[in-house]
Amino acid sequence: MATIELTNPADALEAFRKEAAAWLAENFPKTLVGKENVLATVEGEAKADPDAKAWKKAMGEKGWGTPTWPKEYGGGGLSFKEARVLQEEMGKVGAWNPIGGMGVMMLGPTLLEFASEEQKKRHIPLICRGEIRWCQGYSEPGAGSDLASLQTKCEDKGDHYLINGQKTWTSGGQWADWCFALVRTDTSKKHEGISFILLDMKTPGVEVKPIRMISGTSPFCETFFTDVKVPKENLVGELGQGWTIGKRLLQHERTNLSGGGSMSRGQGPSLSDIAKHYVGVDSEGRIADAELRTKIIKHEMEAKAFGLTARRVMAESKSGGVSLASSILKNVGARITQERAELTLEIMGMNGLGWEGDGFNAAELGATRGWLWGKAVSIYGGTTEIQNNVVAKRILGMLDHQ
Amino acid sequence: MAVLNEEQTMLRDMAREWSKNESPVSAFRKVRDAGEAIGFDPAAFAAQAEMGWTGVIIPEAYGGSDFGYLSLGLVLEETGRTLTASPLGATALAATSALLLGGSEAQKEAWLPKIATGETIAALAVDEGPRHDPSKIEAKAEKSGDGWVLSGEKAFVAEGDSAHLFIVAAQTGEGVGLFVVPGDAAGITRKSRNMVDARSHAAVSFDGVTLGGDALIGSADGADLLDQVLDRARAGVAAEMLGMAVQAFEDTLAYLKTREQFGEILSRFQALQHRMAVQFTQIELMRSAVEGALEAIDAGRDDIAELVSLSKATACDTLHLVSREMIQLHGGIGMTDEHHAGFYIKRARILENAWGNASFHRERYARLRGY
């Protein structure tokens with residue numbers, strides 16, 4: 001009888017649920033409920049909270065911060081179903097994932113696919129334990145949408161590579177320990193002349209300068225490389241394979257960034273509640289400004305359709321196929337995020353345009369900064385225009401007129 | 001472009017030259033970085049007054065040039081191009097209009113000459129909440145002997161930090177009246193607000209301010225007067241927005257003509273060409289509406305309200321579009337504080353709210369047209 005029970009998948013999943021719940025009860029400090037700081041995975045913890053440290057260590061050692069990654073490299077080794085159960089159990093007790101950042105979102109999956117065994121063993125466990133923060137060295141001042149025109153030079157000097165050039169929009173560059181970068185190893189070929197390399201940000205010759213954004217924050221940097229020596233073992237994949245690897249990584253980025261649309265779902269008060277508060281209602285309880293009401297309806301219905309699309313994409317990709325609809329997620333997500341921000345401002349009127357100081361509550365100041373920051377969503381990780389090119393060319397087969 | 005007479009052409013050209021040479025966007029950046037509550041450079045405003053711009057709509061008898069609203073609109077358009085931080089629109093157009101339209105001879109004599117020289121900065125204080133709504137005025141002016149006692153809170157008063165004179169809308173018991181209130185009167189408290197456009201939008205409270213009987217402008221039931229004053233203020237803001245839209249558009253166009261990606265300058269990409277063509281189209285419509293409203297005011301026509309709401313609604317929609325496209329088409333560089341695209345979108349949203357957003361004016365247009 002016992003063997004039959006163990007081979008029943010539903011029972012095995014229930015057993016895992018119990019295991020997860022028990023482990024969480026033992027390891028997740030109750031003091032951390034509601035204290036999630038998503039930026040900590042990029043910027044580092046603001047101050048050393050011993051509970052947060054212990055929680056990160058526990059999750060890191062268990063590998064559950066990267067639940068589906070292989071156990072041999074420090075991941076959780078869980079199936080997708082088990083990972084979902086873990087997430088549900090975490091949700092029940094208010095636990096959050098302390099492991100994240102670009103290493104988890106972008107580099108890890110790419111290394112699993114392309115890196116050598118030595119590279120995987122060296123870098124992935126550190127990502128799983130959240131011990132190393134990674135930044136991305138892709139864009140350059142002259143290479144934005146046309147990323148493949150990048151110029152940062154990487155020369156073979158026999159026993160090492162020598163890197164010279166400038167990157168920009170290096171996310172979290174001022175806090176990062178390591179950088180994954182696209183560099184030019186061959187100037188005679190555009191795409192095939194690009195390689196993918198890993199480098200320690202503490203290497204002599206690496207300089208970072210934070211860029212102040214219109215929102216007042218500086219989450220990006222300009223990064224300068226002057227005669228930076230990089231060991232040869234840091235090349236990922238083959239020489240000249242960087243464009244293939246880098247593009248694959250961008251897919252992970254876009255999948256994650258399209259989650260921007262999630263900002264429009266279910267967090268905090270709805271737009272209609274905010275509008276009722278600031279604008280008031282008519283005798284039938286409708287938002288008093290008829291046009292604003294229509295705009296909110298339009299927005300919320302589009303957000304709903306976006307949610308359904310995201311779900312459909314997930315279902316279709318699970319059943320093995322690549323969903324064509326995945327190509328629209330980033331653009332629609334960006335549009336919804338920005339529209340929500342603009343509508344929030346419109347609703348709040350002048351209260352939504354405060355910069356700092358007295359006269360504005362935290363939600364209002366947050367709306368202002370969020371609105372400004374949100375303008376980046378349709379620019380970073382492939383602009384809306386580039387995404388539309390991808391749809392037109394790769395999906396619809398509409399080629400350039402020349 | 002409206003057909004301009006010789007004086008208007010000269011005035012516009014002068015304003016354009018001055019803005020370009022003496023008040024470029026870098027001048028606004030200095031004001032922003034200085035972080036002063038008044039939100040403008042007094043020397044720049046003094047220069048504007050010196051050139052007579054503070055007296056453009058004021059009759060010659062009171063020290064002005066009586067060139068009219070279209071002329072002042074041309075100046076505001078040109079100074080708006082470079083985001084010139086100045087109380088010019090607030091004092092020389094909005095507040096001045098209240099005195100011109102409803103003021104007694106004594107009130108005009110007392111204030112217009114000083115406004116014309118720039119010695120007095122006047123500000124219009126109407127709204128009490130974050131969204132423009134003249135139907136929600138709760139400030140009260142109560143009769144007391146021969147005079148009045150004024151109490152209430154005014155929100156986001158443009159140039160409220162520097163104003164020497166407030167024109168305040170308050171309930172009189174018979175309706176809404178407008179009052180002339182010297183800025184140094186006892187009982188006035190100003191609180192600066194730090195806003196995205198780095199300009200002055202003060203919270204001003206009037207706590208039992210004692211006023212003489214001569215403080216009331218026009219009648220105690222002055223809702224019509226308020227409406228007319230607001231329409232002039234709206235037309236002025238729309239002119240500033242026109243200048244901003246034109247300059248934001250021109251800067252974006254220039255960028256597309258220089259930035260190269262994929263071995264081509266961006267302006268060769270048809271998808272971007274069409275985006276620019278759409279903006280050009282909207283700006284042309286905006287110009288017609290903005291100039292049309294100013295001309296209607298100068299001619300004293302009976303469709304001023306309609307044209308002003310058309311003007312402000314069109315200005316809001318167009319500048320909204322152009323300010324968003326400015327950032328998107330500049331890409332990452334437009335997201336940096338070092339670039340000026342952010343200045344335009346921040347000021348744009350403030351002016352979209354000023355004296356009624358697009359929804360407010362479409363609703364008003366519908367009511368004026370009887371549907």
Side-chain angles (χ1 to χ4, degrees), chain A residues 139 141-149 168-169 190 211-218 220 278-280 288-295 338 342 345-360 364 368-369 371-373 375-376 378-380 383-386 388-389 392 401, chain B residues 32 35 127 129-133 136 155-156 191-198 201-203 259-264 266 269-272 275 316 320 323-324 327-343 345-347 349-350 352-354 357-360 362-363 366:
Chain A
S139 298
S145 285
D146 183 12
L147 185 59
S149 67
T168 191
W169 312 124
K190 190 174 181 183
I211 303 169
R212 186 174 144 96
M213 306 299 282
I214 59 174
S215 53
T217 55
S218 303
F220 300 116
Y278 282 89
V279 185
D289 179 333
E291 180 174 319
L292 178 63
R293 180 170 179 267
T294 307
K295 283 186 188 171
Q338 293 179 350
E342 289 284 5
L345 246 64
E346 183 177 334
I347 292 165
M348 292 178 170
M350 296 293 260
N351 276 3
L353 292 163
W355 184 248
E356 59 190 13
D358 292 342
F360 310 98
E364 289 163 348
T368 314
R369 302 294 180 118
W371 159 67
L372 288 166
W373 172 245
K375 295 299 176 209
S378 53
I379 296 170
Y380 62 44
T383 62
T384 294
E385 292 74 19
I386 291 294
N388 280 337
N389 279 348
H401 58 83
Chain B
R32 195 278 307 256
D127 285 312
R131 294 164 58 88
H132 176 59
D133 194 343
K136 283 194 182 149
F156 306 105
K191 288 193 200 99
S192 297
R193 292 284 176 256
N194 189 346
M195 299 193 69
V196 288
D197 67 347
H201 306 278
R259 170 79 172 171
E260 266 187 51
Q261 288 285 272
F262 305 103
E264 296 234 45
L266 292 184
F269 292 92
Q270 196 174 43
L272 303 187
R275 294 258 288 275
C316 287
H320 188 94
S323 60
R324 284 179 80 156
I327 287 186
Q328 181 66 25
L329 292 172
H330 276 83
I333 194 77
M335 284 294 298
T336 64
D337 188 69
E338 203 181 336
H339 195 272
H340 54 269
F343 293 164
I345 202 167
K346 289 168 179 174
R347 179 68 175 162
R349 294 299 175 277
I350 294 275
E352 283 171 48
N353 272 288
N357 64 15
S359 299
F360 176 95
R362 274 192 277 270
E363 173 68 24

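Residue numbering restarts at 1 for every chain, and letters A, B, ... go by the order of the sequence lines.
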Peer 1: Verify, without hydrogens or angle tests, whether B:R349 (side chain) and A:E346 (backbone) share a donor-acceptor contact under 3.5 angstrom.
Peer 2: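 Absent.
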
Peer 1: Give, for atom CE of B:M335 and atom CG of A:L372, the distance between the pair rounded to the nearest 0.5 Å.
Peer 2: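 These two atoms lie 7.5 Å from each other.
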
Peer 1: Using a cut-off of under 4.5 Å for heavy-atom pairs, which of A:T368, A:L353, A:T384 has the most such pairs with chain B?
Peer 2: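 Going by pairs under 4.5 Å, I would pick A:L353.
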
Peer 1: Most heavy-atom pairs under 4.5 angstrom with chain B, which of A:N388, A:I211, A:D289?
Peer 2: A:D289

Peer 1: Mind listing the closest non-hydrogen atom pair of A:K190 and B:F262 along with its distance?
Peer 2: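 Of all heavy-atom pairs spanning A:K190 and B:F262, the closest is NZ-CA, 4.5 Å.
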
Peer 1: Roughly how far, to the nearest 0.5 Å, is the OG1 atom of B:T336 from the CE atom of A:M213?
Peer 2: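 Answer for the CE-OG1 pair, A:M213 versus B:T336, is 6.5 Å.
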
Peer 1: Mind ranking A:S218, A:A290, A:S149, A:S145 by heavy-atom pairs under 4.5 Å with chain B and telling me who comes out on top?
Peer 2: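 Most heavy-atom pairs under 4.5 Å with chain B: A:S145.
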
Peer 1: Under a 4.5 Å heavy-atom cut-off, does chain A meet the side chain of B:H132, its backbone, both or neither?
Peer 2: neither

Peer 1: Determine the option with the most heavy-atom pairs under 4.5 angstrom with chain A, choosing from B:A155, B:G129, B:G332, B:A271.
Peer 2: B:G332

Peer 1: Go through the steps for B:I327 and A:I214 under the test side-chain contact (heavy atoms from CB on, under 4.5 Å), then give the verdict.
Peer 2: CA-CA 10 Å; B:I327 287 186; A:I214 59 174; 3.8 Å; yes

Peer 1: Quick one: which of A:N389, A:L147, A:I347 has the most heavy-atom pairs under 4.5 Å with chain B, could you say?
Peer 2: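 Winner by heavy-atom pair count: A:I347.
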
Peer 1: Which atoms form the tightest heavy-atom contact between A:F360 and B:N194, and what is the distance?
Peer 2: CE1-O, 3.8 Å

Peer 1: Roughly how far apart are A:D146 CG and B:E260 CD, rounded to 0.5 Å?
Peer 2: 10.0 Å

Peer 1: Say whether, by atom type as modelled, one donor and one acceptor occur between the side chain of A:E291 and the main chain of B:E363 under 3.5 angstrom.
Peer 2: no

Peer 1: Look up atom CE in A:M350 and atom CZ in B:R193, then write down how far apart they are to the nearest 0.5 Å.
Peer 2: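 One finds 11.5 Å between CE of A:M350 and CZ of B:R193.
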
Peer 1: Quick one: of B:N357, B:V196, B:D133, B:I350, who has the most non-hydrogen atom pairs under 4.5 Å with chain A?
Peer 2: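 Among the listed options, the one with the most contacts to chain A is B:V196.
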
Peer 1: Need one label for B:H339: side chain, backbone, both or neither, based on atoms under 4.5 Å from any heavy atom in chain A.
Peer 2: neither

Peer 1: Identify which of A:G357, A:G352, A:G349 forms the greatest number of heavy-atom pairs closer than 4.5 Å to chain B.
Peer 2: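 Looking at each option in turn, the highest pair count goes to A:G349.
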
Peer 1: Where does A:F220 contact chain B at under 4.5 Å (heavy atoms): side chain, backbone, both or neither?
Peer 2: neither

Peer 1: Is chain B contacted by the side chain of A:A143, its backbone, both, or neither, given a heavy-atom distance below 4.5 Å?
Peer 2: backbone

Peer 1: Where on B:K346 is there a heavy atom nearer than 4.5 Å to chain A: the side chain, the backbone, both, or neither?
Peer 2: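 For B:K346, the contact with chain A is made by backbone and side chain together.
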
Peer 1: Would you name the heavy atoms of A:G142 and B:Q261 that are closest together and state the gap between them?
Peer 2: O-NE2, 2.7 Å

Peer 1: How far apart are the closest heavy atoms of B:Q328 and A:I379, and which atoms are they?
Peer 2: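 In this case the closest contact between B:Q328 and A:I379 is OE1-CG1, 3.6 Å.
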
Peer 1: Under 4.5 Å from any heavy atom of chain A, what part of B:I333 do you find: side chain, backbone, both or neither?
Peer 2: backbone

Peer 1: Heavy-atom cut-off 4.5 Å, strictly under: side chain, backbone, both or neither for A:M348 against chain B?
Peer 2: backbone

Peer 1: Check the pair B:F360 / A:L292 against side-chain contact (heavy atoms from CB on, under 4.5 Å), numbers first and verdict last.
Peer 2: CA-CA 10 Å; B:F360 176 95; A:L292 178 63; over 6 Å; no

Peer 1: Taking all non-hydrogen atoms of both residues, which atom of A:G144 and which atom of B:R259 are closest, and how far apart?
Peer 2: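 Looks like N-NH2, 3.8 Å.
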
